[in-house]
Engineer: 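I'd like to ask some things about the structure below.
Positions are given from 1, in the same order as the sequence printed here.
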Amino acid sequence: MSVIDLHSFETLSPFEIKDELIKLAKKTSKLTQSAFLNAGRGNPNWIATTPREGFFLFGQFAITESKRVMEDEVGLGGMPKERGIAHRLETFLAAHSDMPGASFLAEMVPFAVKTFGFDPDAFVFELADSIIGDNYPVPDRMLVHNEKVTHEYLMWAMCGDPRPAGKFDLYAVEGGTAAMCYIFKSLKANRLLKPGDTIALGTPIFTPYIEMTHLEDYDLKVVNIQARQENRFQYSDEELKKLEDPKIKAFFVVNPGNPTGVALSHETIGKIATLVKTKRPDLMLLTDDVYGTFVPGFRSLLGELPQNTIGVYSYSKYFGCTGWRLGVISVHENNIYDEKIAKLPDAELKALDKRYGAITLEPRKVKFIDRIVADSRDVALNHTAGLSLPQQVMMTMFSLVELMDTEKKYQKACRDIVYRRIHALLEGLELELPPNPNYDAYYGLIDFEFWAKKNLGPEAAENLKKHVHPLDLAFRLAESHGIVLLNGGGFDAPDWSLRVSLANLDDEVYEEIGRGVRSIARSYRAEIEGSHGADTKKVPAGD
């Protein structure tokens with residue numbers, strides 16, 4: 001793979017470059033009869049079994065409820081009925097006590113009734129009617145019981161201490177990616193972000209946040225607020241000062257970071273909060289907190305600055321459910337978005353009246369969170385908006401199983417998995433993990449330039465950067481060792497860096513990945529020392 005070839009990949013997202021790396025790595029693995037190791041994607045290789053057992057058993061109960069109302073030999077059933085359904089569930093579970101999920105469901109319903117003050121029949125009916133999917137989502141934003149359960153889960157998972165006053169309005173969506181799309185769309189539709197406006201991105205950051213801003217749909221100018229490795233991936237005072245510029249309309253953050261794996265410290269969050277409260281009360285914040293449950297004592301900007309912040313959360317990583325597509329958008333009941341919309345110029349308000357006029361007689365009273373719902377279905381299809389009901393049942397059960405786990409055994413088990421893997425990776429790299437209470441260990445960012453400066457010297461590192469394309473590192477690793485890692489430069493991390501997912505492969509292979517990266521480092525060292533600064537531009541990636 002020549003440097004000229006590598007230049008052709010510069011405009012692609014790391015997730016698209018990955019496909020080429022996979023081809024190379026698979027070819028190498030086949031030729032050498034070695035393992036193909038793809039640590040390029042963050043899909044975890046574990047799942048939460050207890051709520052799934054409950055889900056599938058509850059589905060069987062819901063079918064009995066359907067047949068109780070109507071049963072036909074050709075397979076027709078009726079819609080479940082609410083009255084007495086909680087007692088019928090108790091009877092069903094007693095008769096199936098030996099089935100996986102029975103003990104969980106027998107504890108789950110009384111727990112939810114006691115914790116949230118639910119009417120038992122109303123709660124169980126919502127689950128039964130939803131799991132068979134016989135109705136449209138009503139309310140379309142989120143089911144009533146699911147929203148209360150999920151709200152409490154998010155208070156624990158995202159907000160930390162002290163708990164923010166008031167409540168958040170939630171919108172259940174098809175994963176974190178759908179949340180991003182819907183939020184971007186509504187910010188534009190409601191004139192909160194216009195083409196040519198400036199936003200800030202906390203970099204390094206998940207690549208779509210970089211890529212979406214440049215789409216013709218949004219055409220936003222971007223200021224990077226950089227979290228550098230030498231500052232333990234926290235924003236320095238100098239970087240945060242950029243946010244004082246009133247031209248910056250919004251600040252988008254992924255916390256904990258992707259690809260860095262490091263959460264904002266309580267000190268950094270405090271600095272952002274002080275800046276917003278004293279100098280930028282108008283600043284819109286978006287925080288994507290999918291990995292927060294992997295950090296002890298995690299606190300999101302959602303908990304610290306609830307009025308300014310739109311929260312994005314996905315269940316995918318913690319519960320091992322990327323295929324379920326479960327996400328939530330959070331907006332506080334008292335927020336600056338509704339205030340900003342109310343203060344728009346009259347001409348823009350009239351345009352928005354026309355946009356939302358088909359769904360209400362008083363469009364100016366539609367809250368921003370409900371505008372997101374409508375915009376997610378291009379307004380005209382608002383009446384069929386909402387996450388599918390079986391998905392919302394799974395969300396309810398994921399939330400409840402965690403709330404019921406007062407000893408947080410599941411959380412500890414998840415953390416133990418990723419920490420075993422980061423230690424194995426570092427053993428292969430012959431490095432040690434410096435203590436960092438803000439590290440989630442879900443991803444590792446191997447900063448090769450940082451390593452080269454420390455181990456080869458600044459001059460050798462600069463020589464390497466001058467003569468070798470930064471993508472050579474990822475391609476050489478794939479071609480020589482059958483290992484796929486994503487290039488960090490696409491995340492606005494240092495160009496000479498690699499992101500390794502610590503979630504999706506077995507524990508024992510991470511030491512091998514570390515050895516592979518170390519082997520590439522040795523090959524670069526040999527080339528530098530052998531050439532004494534000679535032009536290495538023609539060195540093929542696999543040599």
Side-chain angles (χ1 to χ4, degrees), residues 13 176-228 233-260 264 268-269 271-277 279-290 300-302 304-313 329-332 335-341 343-344 348 368-369 371-372 375 490-493:
S13 159
T177 50
M180 289 174 59
C181 294
Y182 297 162
I183 291 166
F184 267 85
K185 187 172 186 176
S186 271
L187 287 172
K188 178 186 178 183
N190 287 281
R191 280 65 170 173
L192 298 177
L193 285 179
K194 302 174 183 178
D197 279 351
T198 300
I199 68 167
L201 295 179
T203 57
I205 194 169
F206 184 44
T207 59
Y209 285 101
I210 300 170
E211 296 155 6
M212 287 180 71
T213 57
H214 300 300
L215 292 176
E216 182 182 4
D217 306 50
Y218 305 109
D219 191 24
L220 299 169
K221 297 177 182 177
V222 175
V223 172
N224 288 342
I225 311 298
Q226 296 178 311
R228 296 185 173 88
F233 294 116
Q234 300 297 320
Y235 306 123
S236 66
D237 293 345
E238 181 181 4
E239 290 295 306
L240 290 177
K241 190 173 179 60
K242 297 176 183 177
L243 296 175
E244 295 180 14
D245 185 348
K247 290 181 181 178
I248 294 177
K249 299 290 183 67
F251 181 33
F252 291 0
V253 176
V254 173
N255 178 34
N258 178 3
T260 66
L264 298 181
T268 300
I269 288 178
K271 290 179 180 179
I272 295 172
T274 298
L275 185 150
V276 169
K277 291 174 181 177
K279 298 180 179 180
R280 291 300 314 278
D282 62 322
L283 184 64
M284 296 181 286
L285 302 172
L286 184 148
T287 185
D288 186 332
D289 299 329
V290 62
S300 165
L301 289 171
L302 195 69
E304 191 73 22
L305 292 163
Q307 281 75 33
N308 292 70
T309 306
I310 303 172
V312 171
Y313 179 73
I329 298 172
S330 309
V331 179
H332 198 269
N335 63 80
I336 65 170
Y337 302 91
D338 290 331
E339 294 174 2
K340 285 176 175 287
I341 291 171
K343 294 177 182 177
L344 288 171
E348 294 182 355
F368 179 61
I369 186 70
R371 292 168 188 247
I372 296 177
D375 293 331
F491 298 83
D492 258 8

Engineer: Determine the minimum heavy-atom distance between Pro204 and Pro259, stating which atoms define it.
Structural biologist: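 Smallest interatomic distance, heavy atoms only, reads CB-CD, 3.6 Å.
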Engineer: Hey, does the side chain of Asp289 reach the backbone of Tyr313 with a donor-acceptor pair shorter than 3.5 angstrom?
Structural biologist: no
Engineer: Could you check whether Phe184 and Phe252 have their ring centres less than 6.0 Å apart?
Structural biologist: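 Under 6.0 Å, so yes.
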Engineer: Considering all heavy atoms of both residues, which atom of Met212 and which atom of Cys181 are nearest to each other, and what is their separation?
Structural biologist: CE-CA, 4.2 Å
Engineer: Under 3.5 Å, side chain of Asn224 to main-chain N/O of Gln226, donor-acceptor pair present?
Structural biologist: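 No; zero donor-acceptor contacts below 3.5 Å.
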Engineer: Please say which of Tyr218, Phe368, Tyr182 ends up in a side-chain contact (heavy atoms from CB on, under 4.5 Å) with Leu187.
Structural biologist: Phe368
Engineer: I'd like to know if the side chain of Asp338 and the backbone of Asn335 have a donor-acceptor N/O pair within less than 3.5 Å.
Structural biologist: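 Not at all, since once roles are kept as given, no pair shorter than 3.5 Å links the two residues.
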Engineer: Between Gln307 and Ile336, is there a donor-acceptor pair closer than 3.5 Å when you use the side chain of the first and the backbone of the second?
Structural biologist: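 Not a single qualifying donor-acceptor pair exists.
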Engineer: Hey, is Asp197 close enough to Lys249 for a salt bridge, meaning N to O under 4.0 Å?
Structural biologist: yes
Engineer: Heavy-atom distance under 4.5 Å between the side chains of Lys242 and Glu239, does that happen here?
Structural biologist: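 Touching, per the 4.5 Å side-chain cut-off.
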Engineer: For Leu305 and Lys277, which heavy atoms make the closest approach, and how far apart are they?
Structural biologist: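 Shortest heavy-atom contact: CD2-CE, 3.8 Å.
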Engineer: Working to the nearest 0.5 angstrom, can you tell me the gap between Asp288 CG and Met180 CE?
Structural biologist: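 Here the rounded value is 7.0 Å.
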Engineer: Determine whether Leu193 and Ile199 make a side-chain contact, defined as any pair of heavy atoms from C-beta on separated by less than 4.5 Å.
Structural biologist: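 Answer yes - side chains close enough.
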Engineer: Looking only at non-hydrogen atoms, find the nearest pair between Leu275 and Leu240 and report the distance.
Structural biologist: CD1-O, 3.2 Å
Engineer: Out of Thr309, Ile183, Ile369, which residue meets the side-chain contact (heavy atoms from CB on, under 4.5 Å) rule with Val331?
Structural biologist: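 Among the candidates, only Ile369 passes.
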Engineer: Looking only at non-hydrogen atoms, find the nearest pair between Gln234 and Thr268 and report the distance.
Structural biologist: OE1-OG1, 2.7 Å
Engineer: Does Tyr337 use its side chain to pair, donor to acceptor, with the backbone of Asn308 at less than 3.5 Å?
Structural biologist: yes
Engineer: Using a 3.5 Å distance criterion without hydrogens, assess whether the side chain of Lys340 forms a donor-acceptor pair with backbone atoms of Leu192.
Structural biologist: no
Engineer: Is a side-chain N or O of Arg371 found less than 3.5 angstrom from the main chain of Asn190, in a donor-acceptor match?
Structural biologist: no
Engineer: Looking only at side chains, do Asn255 and Thr287 share a donor and an acceptor under 3.5 Å apart?
Structural biologist: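 Per modelled atom types, Asn255 and Thr287 side chains form no pair under 3.5 Å.
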Engineer: Hey, are Glu238 and Lys241 close enough for a salt bridge, meaning a charged N less than 4.0 Å from a carboxylate O?
Structural biologist: no
